[in-house]
Amino acid sequence: MNKDKIFKLAKGFRGRAKNCIRVARERVEKALQYSYRDRRNKKRDMRGLWIQRINAGTRLHGVNYGNFMHGLIKENIQLNRKVLSELSMHEPYSFKALVDVSRSAFPGNKKVITPSEKKGLSMLV
């Protein structure tokens with residue numbers, strides 16, 4: 001890379017990393033390595049976030065994430081985790097319908113424990 005391109009990429013860096021060519025070149029190369037790595041990590045993190053949201057939504061209806069997904073696969077419902085996450089947050093009635101379909105498809109989902117039946121600290125006091 002030529003000097004102008006390096007300084008353009010180094011704009012906003014702190015200290016000599018923005019105006020000294022040797023330091024700027026090192027910092028820009030490292031920044032490009034970080035951006036390459038984190039473009040892949042971002043996909044991993046988003047998938048984890050979607051799974052957490054789906055799990056929270058399914059547990060409200062007494063089903064855990066693994067059984068819910070297994071039931072959807074058995075019913076051949078092919079919604080990805082991003083869409084399921086959005087449904088669990090913004091369309092609770094549609095998501096409940098999916099949970100009911102999953103529950104009927106997989107015998108492991110039959111046991112329903114509503115949050116009011118769980119024994120919490122209030123029951124112990």
Side-chain angles (χ1 to χ4, degrees):
M1 281 195 273
N2 64 7
K3 193 186 298 188
D4 295 331
K5 189 170 182 181
I6 288 173
F7 283 138
K8 185 177 179 184
L9 289 172
K11 191 173 183 178
F13 288 3
R14 299 183 70 161
R16 291 193 315 159
K18 68 177 172 283
N19 52 20
C20 180
I21 188 63
R22 284 188 181 176
V23 179
R25 181 177 292 121
E26 291 172 3
R27 298 310 319 147
V28 165
E29 286 178 4
K30 194 64 173 178
L32 291 173
Q33 289 172 3
Y34 285 142
S35 65
Y36 178 85
R37 178 198 68 190
D38 290 337
R39 280 194 298 271
R40 277 115 191 109
N41 288 350
K42 182 177 168 184
K43 295 166 183 59
R44 184 183 317 156
D45 294 340
M46 290 307 295
R47 181 182 167 99
L49 177 66
W50 297 331
I51 289 171
Q52 288 176 359
R53 288 177 176 171
I54 296 167
N55 193 17
T58 56
R59 285 183 187 270
L60 290 175
H61 303 295
V63 179
N64 67 11
Y65 169 78
N67 290 343
F68 171 70
M69 292 304 286
H70 186 65
L72 289 183
I73 291 169
K74 285 191 113 169
E75 283 291 316
N76 199 22
I77 297 175
Q78 297 176 350
L79 291 174
N80 62 17
R81 286 162 182 82
K82 181 179 178 181
V83 171
L84 289 171
S85 162
E86 292 295 319
L87 283 175
S88 72
M89 290 190 322
H90 302 299
E91 295 286 334
Y93 294 114
S94 303
F95 190 72
K96 179 162 180 8
L98 283 173
V99 171
D100 293 339
V101 168
S102 171
R103 184 180 290 133
S104 66
F106 181 57
N109 290 340
K110 296 293 184 193
K111 189 172 47 175
V112 177
I113 301 172
T114 59
S116 61
E117 294 175 9
K118 289 183 180 177
K119 293 181 181 164
L121 292 175
S122 61
M123 302 289 276
L124 297 173
V125 177

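Computed from a predicted structure; not experimentally measured.
Side-chain atoms of Asp38 do not come within 3.5 Å of backbone N or O of Asn41 as any donor-acceptor pair. A donor-acceptor pair is defined here as one N or O able to donate and one able to accept, closer than 3.5 Å; no such pair exists between the side chain of Arg44 and the backbone of Arg40. A side-chain donor-acceptor contact under 3.5 Å links Thr58 to the backbone of Val63.
Residues Met1 and Leu32 form a side-chain contact, since some pair of their non-hydrogen atoms from C-beta on lies under 4.5 Å apart. Between His61 and Lys96, the closest side-chain pair of non-hydrogen atoms falls below 4.5 Å. No side-chain heavy atom of Gln78 sits under 4.5 Å from any side-chain heavy atom of Leu72.
Under the ring-ring contact (aromatic ring centres under 6.0 Å, His included) criterion, Phe95 pairs with Phe68, not counting sequence neighbours.
Expressed to the nearest 0.5 Å, how far CD of Glu86 lies from CD1 of Ile54 amounts to 10.0 Å. Rounding to the nearest 0.5 angstrom, the gap separating the CZ atom in Arg25 from the SG atom in Cys20 is 10.0 Å. Atom CD1 of Ile21 sits about 8.5 Å away from atom CG of Asn2, to the nearest 0.5 Å. Rounded to the nearest 0.5 angstrom, Lys11 NZ and Asn19 CG are separated by 13.5 Å.
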Would Met46 and Ile51 count as a side-chain contact (heavy atoms from CB on, under 4.5 Å) here? Give the steps. CA-CA 9 Å; Met46 290 307 295; Ile51 289 171; over 6 Å; no
How far apart are the C-alpha atoms of Phe13 and Val28, what are their side-chain angles, what is the distance that settles it, and do they pass the side-chain contact (heavy atoms from CB on, under 4.5 Å) test? CA-CA 9 Å; Phe13 288 3; Val28 165; 4.0 Å; yes
Working note: Leu60 + Val99, criterion side-chain contact (heavy atoms from CB on, under 4.5 Å); need CA distance, chi angles, decisive distance, verdict. CA-CA 10 Å; Leu60 290 175; Val99 171; over 6 Å; no
With side-chain contact (heavy atoms from CB on, under 4.5 Å) as the criterion, how do Leu98 and Leu87 come out once you've worked through the C-alpha distance, each side chain's angles and the decisive distance to 0.1 Å? CA-CA 10 Å; Leu98 283 173; Leu87 283 175; 3.7 Å; yes
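Taking 4.0 Å as the cut-off between side-chain N and carboxylate O, Arg103 and Asp100 count as a salt-bridged pair.
Hydrophobic clustering (ILVMFWY, side-chain heavy atoms < 4.5 Å, transitive): Ile73 and Val101 are in distinct clusters. Linking Ile, Leu, Val, Met, Phe, Trp and Tyr residues whenever their side-chain heavy atoms come within less than 4.5 Å places Met69 and Val83 in a single cluster. Leu79 and Trp50 are members of different hydrophobic clusters when ILVMFWY side chains are connected at heavy-atom separations under 4.5 Å.
Smallest separation of non-hydrogen atoms from Arg27 and Ala17: CG-CB, 3.5 Å. Across every non-hydrogen atom of Phe7 and Ala24, the tightest pair is CE2-CB, 4.1 Å. Listed here is the closest heavy atom pair of Gly71 and Ser102: CA-OG, 3.4 Å. Of all heavy-atom pairs spanning Ser85 and Arg53, the tightest one is OG-CD, 3.2 Å.
In this structure, Arg22 places its CZ atom where only 12 or fewer heavy-atom neighbours from other residues, nucleotides or ligands lie under 6.0 Å away. Crowding of Arg39 atom CZ: a count of heavy atoms from other residues, nucleotides or ligands under 6.0 Å exceeding 12.
Between the side chains of Tyr65 and Arg81, at least one donor-acceptor pair of N or O atoms lies under 3.5 Å.
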